[in-house]
Amino acid sequence: MKPAATIALDDVRVPMRDGLTLHADLYRPAGPGRHPVLVLRNPYDRRVAQSYLYAHPSWYAAQGYAVLAQDMRGRWGSEGGFDPIVNEGRDGADTVAWAAEQPWSNGRVGLYGFSYPAMAQLLAAAEQPQGLRAVVPALAPSQLRDGWLYEGGAFALAFALGWAIELGVDQARRHSPALEAELLAAVADPRPWFASRPLRDLPLFRRNRICGFYFDWIGHETDGAWWSDRQVESCYDRIQVPAMHVGGWYDVFVDGTLTNWAGLRAAGDAPQRLIVGPWHHLPALVPAAPITFGPASLRDLDLDQLGWFDLWLRDHDSGATVGPPVSAYLTGADRWVELDDWPPPAARPVRWWLHSRGRANSAGGDGTLTTEPPGDEPPDVFVYDPARPVPSVGGHSCCDPGYAPMGPADQAANEVLHDVLVYTSPPLARPTVIAGRVTAELHASSSAVDTDWVVKLCDVDPRGRSVNLQEGIVRARFRGSLDAPALLVPGEVEAYEIGLGSVFHRFPPGHRIRIQVTSSSFPAWEPNLNTGRPLGVDTLPDRVIATQQVLHTVGSASYLTLPLLEADP
């Protein structure tokens, strides 16, 4: 059928409660009539409208929707100053209420968008604006701090700095063409800036007087009250609209998405749907090689989204609520599984214990992983030099795979390093499915007053290829609290709980479970210089080289906890 004609109106002006004006583009079906409205608010230029993932707004207009693509406050065509997260609830609510009252609107509004715009949707929904009927937050964080700019107290360098540089392009554009060109060059390849120290004096931003929010992120490292105003987790009880959450198993925000899904489901009665695929943060950019997912991994998110909005903005039962509320792609099996809940209640925690004879260094060492606790075994020892961090290979960063580690990757290059401890199970006799959050408890010591511990979960196939599934980190001084750092006593054994994030994966028979243990992953996380001082004040010559020990003996047994399903779903 030939798509309906659409009308595009540039520079539609939307007033905010404080007198500022946000600018938008409007796409709507040609001819008279009132239509349900979709609003996409984003900081990345309304003209692009996140069309690198979604169909262009004109496609949605051809399906009978009015679509408002808006520049957020302080971004591109809109007035004001940009302060990440702070204004999104109020501005989003004002935009929804305005859209619901327009002559081309039927009074029903939905919000969509992924990443930052996804969290902004939820903050707007918490304001309960008149007319908001449904939201589709895709790849959404639940807070700005842990799981976004920090992880276990470690600064997410590639994401935080890469994203800040991208946001800086518009700020530079407002200053001068030459500065915009400098920032565009940095966006194309931000890696030279990843080694700039101290972080608090990054010259790209300091000398140009842009991106002050980047220095706020570093300066408020331990200020819990500052971060509490930049989260959605405390708003769940005020969000009362149906939501379809879209996540990716290799997305940096997978646990934020799952936290939002569970929190909203527990806090109210509004229907919540969850779709989780094998994607990293830009689903359209999942690498085609060398590691691929099967044909079943392909999914039309625009059609999923359209069905959800048809249901709640048009009263069309398109099947969006038929069947179980969770649709999750099972990695390792190339199929989607429909579930009644996440994580599946049948998943039970099973401990896999670390073992060695003191030489677990590299995949060629003697580290093993079994379900039997260790006896009297010697510790594994390695040296961590912050000037030579372990490279990030695959993972859950953002936002461009050209510089940020994302997705599944062959771990061979890292698993030959002697500052990477490797523990591997025997070949599995039957299919083994893990479904839920993976954790590790390390009993370890360091010769430094502060350091990092990194754990990565991998699947090893019968040919010996090791592929990452999830990873986690803890900065030692934050082992007890993100707001109250406590330095180590050098040489003293501590227990560290490390969250590796959520996984839904099937290990086929003959495959092996593996974990890597080390003290760095660059550029995913800023290498800890081991001084114990606040983030961003040290330079590389200030670093302290640390001797690290990981224990697996009676009384100090290190282990991995996997949520296992007995039956193959």
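Side chains are part of it too, since the values below use all heavy atoms of this structure and drop only hydrogens, waters and symmetry mates.
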For the atom pair [atom1] ([X]) and [atom2] ([Y]), what is the distance rounded to the nearest 0.5 Å?
X      : Y      : atom1 : atom2 : result
Leu122 : Ser142 : CG    : OG    : 10.0 Å
Glu151 : His396 : CD    : NE2   : 10.0 Å
Tyr423 : Gln516 : OH    : CD    : 12.0 Å
Gln272 : Arg265 : CD    : CZ    : 8.5 Å
Asn468 : Lys456 : CG    : NZ    : 5.5 Å
Arg238 : Glu127 : CZ    : CD    : 6.5 Å

For the residue pair [X] and [Y], confirm or rule out a side-chain donor-acceptor distance under 3.5 Å.
X      : Y      : value
Tyr116 : Glu88  : yes
Ser521 : Glu471 : no
His281 : Asp251 : yes
Tyr44  : Asp71  : no
Asn528 : Thr451 : no
Thr331 : His505 : yes

- Query: Do Leu157 and Leu199 pass the side-chain contact (heavy atoms from CB on, under 4.5 Å) test, and can you show the C-alpha distance, the side-chain angles, and the key distance before you say yes or no?
  - Reply: CA-CA 10 Å; Leu157 180 66; Leu199 291 176; 4.1 Å; yes
Nearest heavy atoms of [X] and [Y], plus distance in Å:
X      : Y      : result
Gln411 : Cys458 : CG-SG, 4.0 Å
Ala158 : Pro405 : CB-CD, 4.3 Å
Cys398 : Met406 : CA-SD, 3.9 Å
Arg145 : Asp223 : NH2-N, 4.2 Å
Phe213 : Pro84  : CB-CD, 3.7 Å
Phe309 : Ala134 : CE2-O, 3.9 Å

- Stacked cation flag Arg299 on Trp336, 6.0 angstrom / 45 deg: yes
- Just do the salt bridge (charged side-chain N to carboxylate O under 4.0 Å, His left out) check on Glu441 and Arg351 with the steps written out, would you? CA-CA 10 Å; Glu441 181 169 308; Arg351 290 182 178 179; 6.0 Å; no
Does the [X] side chain pair with the main chain of [Y], one donor and one acceptor, at a distance under 3.5 Å?
X      : Y      : result
Asp461 : Gly464 : yes
Arg273 : Pro325 : yes
Asp483 : Gly224 : yes
Asp237 : Ala267 : no
Ser519 : Asp452 : yes
Ser327 : Glu338 : no
Asp83  : Val86  : no
Arg75  : Leu167 : yes
Thr518 : Val454 : no
Ser234 : Val232 : no

Aromatic ring centroids of [X] and [Y] under 6.0 Å?
X      : Y      : answer
Tyr54  : Tyr60  : no
Phe114 : Phe253 : no
Tyr150 : Trp227 : yes

Side-chain contact, heavy-atom cut-off 4.5 Å: [X] with [Y]?
X      : Y      : answer
Arg73  : Asp91  : yes
Trp59  : Leu306 : yes
Phe504 : Val276 : no
Pro523 : Ser392 : yes
Pro324 : Asp340 : yes
Leu562 : Leu457 : yes
Asp304 : Val136 : no
Leu369 : Thr424 : no

Identify whether the distance between the nearest side-chain nitrogen and carboxylate oxygen of [X] and [Y] falls below 4.0 Å.
X      : Y      : value
Arg475 : Glu526 : yes
Glu415 : Arg465 : no
Asp410 : Arg463 : no
Asp568 : Arg430 : no

- Item | Derivation and outcome, side-chain contact (heavy atoms from CB on, under 4.5 Å), residues Asn260 and Tyr236 | CA-CA 8 Å; Asn260 290 336; Tyr236 292 148; 2.6 Å; yes
- Tyr329: which of Ile275, Asp334, Val337 passes side chain to side chain contact (heavy atoms under 4.5 Å, CB included):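 Looking at Ile275, Asp334, Val337, the match for Tyr329 under the side chain to side chain contact (heavy atoms under 4.5 Å, CB included) is Asp334.
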- Step by step, would you call Arg477 with Glu221 a salt bridge (charged side-chain N to carboxylate O under 4.0 Å, His left out)? CA-CA 12 Å; Arg477 69 179 187 270; Glu221 178 189 23; 2.8 Å; yes
- Query: Do other residues, nucleotides or ligands put more than 12 heavy atoms under 6.0 Å from Asp269 CG?
  - Reply: no
- Message: Determine whether Trp525 and Ser520 satisfy the following criterion, side-chain contact (heavy atoms from CB on, under 4.5 Å), listing intermediate values before the conclusion.
- Response: CA-CA 7 Å; Trp525 295 298; Ser520 56; over 6 Å; no
- Message: Students often mix this up, so state it plainly: with edges at 30° and 60°, are the rings of Tyr214 and Trp217 parallel, tilted or perpendicular?
- Response: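 Rings of Tyr214 and Trp217: perpendicular, over 60°.
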- Give the ring-plane orientation class for Trp342 versus Trp249, where under 30° counts as parallel, over 60° as perpendicular and anything between as tilted. tilted
- Start with the C-alpha distance between Leu469 and Leu500, add both sets of side-chain angles, then the distance that settles side-chain contact (heavy atoms from CB on, under 4.5 Å), and finish with yes or no. CA-CA 9 Å; Leu469 299 174; Leu500 274 67; over 6 Å; no
